[in-house]
Amino acid sequence: TTDLYQLTFFLQEDQAVAASASDLGGMMRYFISLTRADRIVLIDEPGIVLVDERAGVTESKEELPVAFLNPRDFSFPRSQFVATRFVSGPTRLYLVTGSSFPRKRGGVRHLYLVTNVDKSMVEAIWEKTGTEVAFFAGTSPVVSASPWQPFETEAPLRSRRILLGNVPYS
């Protein structure tokens, strides 16, 4: 979220306000190298995409379509998970941090930092914290740090006989 605040502040400075879409793209190429986001999207009202900058990758079928970025969901700075599923592929999950802010010359601008929630992200969480994580979209598993295994509920445990040495535990 700090990256979002810094970018929002910068985009309200005179240098950025007067910049063309091409110049803004160059600025966002620099800023994306300073963030952990996979993508920066900057949209002017009424939906004109000024910048759609990716971190070292080209456009792919696996990325979040801009149409899924709803300005009403980000009228103030916030992060939310967005899941997509297309007919021919698996469910994909993205962490979107976004905000809307007023333009000095009138109107509103929308800024989004999009991060893919993928295998490398959950493995990084596991390596840093030692915690295995799994992400779901509703009840459907999307990605995890380890292979999927069914969760064991209390029901099977109640039917087991547990011994402490030769003494039954109850």
Side-chain angles (χ1 to χ4, degrees), residues 1-126 128-129 133-138 140-145:
T1 309
T2 303
D3 293 335
L4 181 75
Y5 283 115
Q6 290 173 341
L7 277 171
T8 301
F9 178 77
F10 170 76
L11 289 168
Q12 294 179 62
E13 292 294 307
D14 291 336
Q15 173 188 355
V17 169
S20 67
S22 174
D23 290 342
L24 283 171
M27 293 173 194
M28 294 305 106
R29 256 188 303 287
Y30 170 73
F31 275 108
I32 201 163
S33 69
L34 304 175
T35 72
R36 294 182 189 253
D38 294 310
R39 189 171 168 202
I40 296 176
V41 180
L42 183 63
I43 301 175
D44 266 351
E45 287 287 333
I48 300 165
V49 178
L50 295 174
V51 176
D52 190 352
E53 188 64 37
R54 291 153 186 84
V57 293
T58 58
E59 190 171 345
S60 133
K61 290 184 267 184
E62 298 176 0
E63 67 184 27
L64 180 68
V66 172
F68 281 75
L69 300 173
N70 187 346
R72 288 186 306 257
D73 293 339
F74 299 95
S75 55
F76 56 90
R78 69 180 282 207
S79 295
Q80 73 177 35
F81 288 98
V82 177
T84 62
R85 185 167 192 283
F86 299 101
V87 177
S88 62
T91 300
R92 304 256 182 235
L93 191 62
Y94 306 89
L95 176 60
V96 179
T97 303
S99 183
S100 298
F101 58 94
R103 295 179 57 202
K104 286 187 177 182
R105 298 179 183 161
V108 177
R109 199 165 259 179
H110 310 283
L111 175 65
Y112 306 96
L113 304 178
V114 181
T115 305
N116 299 338
V117 179
D118 56 13
K119 187 78 169 168
S120 63
M121 177 188 255
V122 296
E123 286 176 350
I125 293 170
W126 181 81
K128 185 162 184 111
T129 66
V133 295
F135 287 92
F136 289 77
S140 301
V142 177
V143 66
S144 74

- Query: Under the 3.5 angstrom rule, does the side chain of Asp3 hit a backbone N or O of Thr35 as a donor-acceptor pair?
  - Reply: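 The answer is no, because no donor-acceptor pair under 3.5 Å joins these two groups.
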Shortest non-hydrogen separation from [X] to [Y] and the atoms involved:
{"X": "Phe136", "Y": "Val142", "result": "C-CG2, 4.0 Å"}
{"X": "Ala37", "Y": "Thr115", "result": "CA-OG1, 3.6 Å"}
{"X": "Gln80", "Y": "Asp73", "result": "NE2-OD2, 3.6 Å"}
{"X": "Ala16", "Y": "Leu11", "result": "CB-CA, 3.7 Å"}
{"X": "Ser100", "Y": "Pro71", "result": "OG-O, 4.0 Å"}
{"X": "Gly98", "Y": "Leu4", "result": "O-CD2, 3.5 Å"}

- Message: Please enumerate all residues that pass salt bridge (Lys or Arg N to Asp or Glu O under 4.0 Å) together with Asp44, with sequence neighbours excluded.
- Response: Arg103, Arg109
Rounded at 0.5 Å granularity, tell me how far [atom1] in [X] sits from [atom2] in [Y].
{"X": "Leu7", "Y": "Ile32", "atom1": "CG", "atom2": "CD1", "result": "9.5 Å"}
{"X": "Leu24", "Y": "Arg29", "atom1": "CG", "atom2": "CZ", "result": "10.5 Å"}
{"X": "Phe74", "Y": "Leu69", "atom1": "CZ", "atom2": "CG", "result": "7.0 Å"}
{"X": "Leu50", "Y": "Asp23", "atom1": "CG", "atom2": "CG", "result": "12.0 Å"}
{"X": "Asp118", "Y": "Arg92", "atom1": "CG", "atom2": "CZ", "result": "9.0 Å"}
{"X": "Met28", "Y": "Leu111", "atom1": "CE", "atom2": "CG", "result": "7.0 Å"}

- Message: side chain to side chain contact (heavy atoms under 4.5 Å, CB included), that's the test. Do Tyr112 and Arg39 meet it? Break it down for me.
- Response: CA-CA 8 Å; Tyr112 306 96; Arg39 189 171 168 202; over 6 Å; no
- Given the rule in the side chain to side chain contact (heavy atoms under 4.5 Å, CB included) test, do Val41 and Leu64 qualify, once you have shown the distances and angles that lead to the verdict? CA-CA 11 Å; Val41 180; Leu64 180 68; over 6 Å; no
- Message: Counting neighbours of CZ on Phe10 that are heavy atoms of other residues, nucleotides or ligands and sit closer than 6.0 Å, is the number greater than 12?
- Response: yes
- Leu93 side chain near Val143 side chain, heavy-atom distance below 4.5 Å: no
- Message: Measuring only between side-chain heavy atoms, which start at C-beta, is Phe68 closer than 4.5 Å to Val96?
- Response: no
- Using the six-membered ring wherever Trp is involved, compare the ring planes of Phe81 and Phe135 and label them parallel, tilted or perpendicular (cut-offs 30° and 60°).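 Ring orientation of Phe81 relative to Phe135: tilted.
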